[in-house]
Protein chains: 2
Amino acid sequence: MIARRKNKVESPPVNCPLSECLSIIGGAWTPNIIWYLSAQSRRFSELKDDLQGISPKVLTQRLKKLEAEGVVNREVMPTSPPTVEYSLTPLGNELKPAIEAIVEVGHKLKRLKG
Amino acid sequence: MIARRKNKVESPPVNCPLSECLSIIGGAWTPNIIWYLSAQSRRFSELKDDLQGISPKVLTQRLKKLEAEGVVNREVMPTSPPTVEYSLTPLGNELKPAIEAIVEVGHKLKRLKG
DNA sequence: CTGTATCCTTGGCGATACTG
DNA sequence: CAGTATCGCCAAGGATACAG
């Protein structure tokens, strides 16, 4: 007899958490922003330099979204002229393993494919 | 010819090795496709059922791209009617840790944020 | 069953100029 | 320095019908 295959894959609940996390790190520049912030806290224009080519609009969009999600902390420093420090929150640090896994695989792919 | 403004959307930033991997798992349905294939090999319409809501066009697009990248293997079975088996290549399996890390973080986020 | 072929909408992103 | 405000494009993705 032909072993009829299972109609369902074992654990479908995966759909949700995947989207949950990817909706955070999914933006075009977002992973790199988190990457740089995971190394150290950065100011707006420092990030703008880190992410060469990003427009201030998009950088603002991303940072605001990340801040709203509780992933990034924004702190205005009482300096003159005023500067703003961005850093990862504890929640933001939870993302680091995923980012690192992605980086890891990125390296492997690079080795394997050229 | 008309000189077009060069505001076309470029590929993600090149600063860190993130892009390499994200360009593979970055598509809208791609992570889930890889997830389902990591459990077992699947046929086209099985994947279409797994990924409820995906259009055949997009599923084809993704599978072709993944196949071209060496991540997914496509095998036509000599059955009647013909069926096609998709599975992960060894290279594709390299992606699993990253996917799993993302899932992991997805769970954490869900716990922490409700 | 396994895809193609079209058409259409959307929103993400780029570029640039301007403000406190 | 740290953003906002506008404008515009275009490619990803949805919907649907058709084909081998």
Side-chain angles (χ1 to χ4, degrees), chain A residues 2 4-5 7 15 19 22-33 36-37 41-69 72-87, chain B residues 1-15 19 22-33 36-37 41-69 72-87:
Chain A
I2 300 178
R4 199 52 224 150
R5 85 180 32 243
N7 290 330
N15 279 334
S19 327
L22 282 177
S23 70
I24 293 182
I25 66 174
W29 297 90
T30 314
N32 283 349
I33 293 177
Y36 281 112
L37 287 182
S41 67
R42 304 290 274 163
R43 296 181 321 169
F44 186 86
S45 51
E46 286 175 331
L47 283 173
K48 197 162 166 309
D49 290 342
D50 292 338
L51 309 159
Q52 277 217 341
I54 195 174
S55 71
K57 186 193 70 171
V58 173
L59 182 52
T60 300
Q61 278 178 357
R62 289 288 160 271
L63 289 171
K64 277 202 165 141
K65 182 159 176 277
L66 291 172
E67 190 192 358
E69 288 164 338
V72 154
N73 183 44
R74 179 181 184 272
E75 186 182 6
V76 180
M77 311 298 282
T79 56
S80 173
T83 59
V84 181
E85 287 274 337
Y86 290 95
S87 56
Chain B
M1 84 181 294
I2 304 169
R4 293 193 325 182
R5 316 198 97 225
K6 98 168 181 187
N7 53 357
K8 90 173 222 183
V9 177
E10 296 286 344
S11 300
V14 281
N15 307 50
S19 328
L22 282 178
S23 69
I24 294 183
I25 66 172
W29 296 90
T30 314
N32 283 349
I33 292 177
Y36 281 112
L37 288 181
S41 68
R42 302 292 273 163
R43 296 181 320 171
F44 186 86
S45 50
E46 288 175 329
L47 283 173
K48 197 162 166 307
D49 290 342
D50 292 339
L51 308 159
Q52 279 216 342
I54 194 174
S55 72
K57 185 192 71 172
V58 173
L59 181 52
T60 300
Q61 277 178 357
R62 289 289 163 271
L63 288 171
K64 278 204 163 137
K65 184 160 176 276
L66 292 172
E67 189 192 359
E69 288 163 338
V72 154
N73 183 43
R74 178 180 183 274
E75 185 182 5
V76 180
M77 312 298 284
T79 56
S80 172
T83 58
V84 182
E85 287 272 338
Y86 290 94
S87 56

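The basis for the numbers below is simple: all heavy atoms, side chains too, and nothing from hydrogens, waters or symmetry mates.
- Take Ser80(B) and apply the side chain to side chain donor-acceptor pair (under 3.5 Å) test, not counting sequence neighbours, and it matches no residue.
- By the side-chain contact (heavy atoms from CB on, under 4.5 Å) test, Lys57(B) is found to be paired with Ser55(B), Gln61(B), residues two or more places apart in sequence or in another chain being considered.
- Note: CD (Glu75(B)) to C1' (dC1(C)) measures 16 Å, nearest angstrom.
- Atom C1' of nucleotide dT2(C) and atom CD of Gln61(B) are separated by 15 Å, given to the nearest angstrom.
- In this view, Ser45(B) satisfies the side chain to side chain donor-acceptor pair (under 3.5 Å) rule with no residue, not counting sequence neighbours.
- Between the CD atom of Gln52(B) and the P atom of dG14(D) there is a distance of 14 Å, rounded to whole Å.
- The CD atom of Glu46(A) sits 10.0 Å away from atom CG of Leu37(A), with the distance rounded to the nearest 0.5 Å.
- Remark: Glu85(A) engages Ser41(A) in a side chain to side chain donor-acceptor pair (under 3.5 Å) (not counting sequence neighbours).
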Identify all pairs in which a protein N or O lies below 3.5 Å from an N or O of nucleotides 1-7 of chain D, and state each distance.
{"from": "dA2(D)", "atom 1": "OP1", "to": "Val84(A)", "atom 2": "N", "distance (Å)": "3.1"}
{"from": "dA2(D)", "atom 1": "OP2", "to": "Ser45(A)", "atom 2": "N", "distance (Å)": "3.1"}
{"from": "dA2(D)", "atom 1": "OP2", "to": "Ser45(A)", "atom 2": "OG", "distance (Å)": "2.7"}
{"from": "dG3(D)", "atom 1": "OP1", "to": "Arg74(A)", "atom 2": "NE", "distance (Å)": "3.4"}
{"from": "dG3(D)", "atom 1": "OP1", "to": "Arg74(A)", "atom 2": "NH2", "distance (Å)": "2.5"}
{"from": "dG3(D)", "atom 1": "OP2", "to": "Tyr86(A)", "atom 2": "OH", "distance (Å)": "2.7"}
{"from": "dT4(D)", "atom 1": "OP1", "to": "Lys64(A)", "atom 2": "NZ", "distance (Å)": "2.5"}
{"from": "dT4(D)", "atom 1": "OP2", "to": "Lys64(A)", "atom 2": "NZ", "distance (Å)": "3.4"}

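- By the side-chain contact (heavy atoms from CB on, under 4.5 Å) test, Thr83(B) pairs with Arg43(B), Met77(B), Thr79(B), sequence neighbours left out.
- Atom CD1 of Ile33(B) is separated from atom C1' of dA12(D) by 14 Å (rounded to the nearest Å).
- As a whole-Å value, the separation of Ile54(B) CD1 from dA15(D) P is 12 Å.
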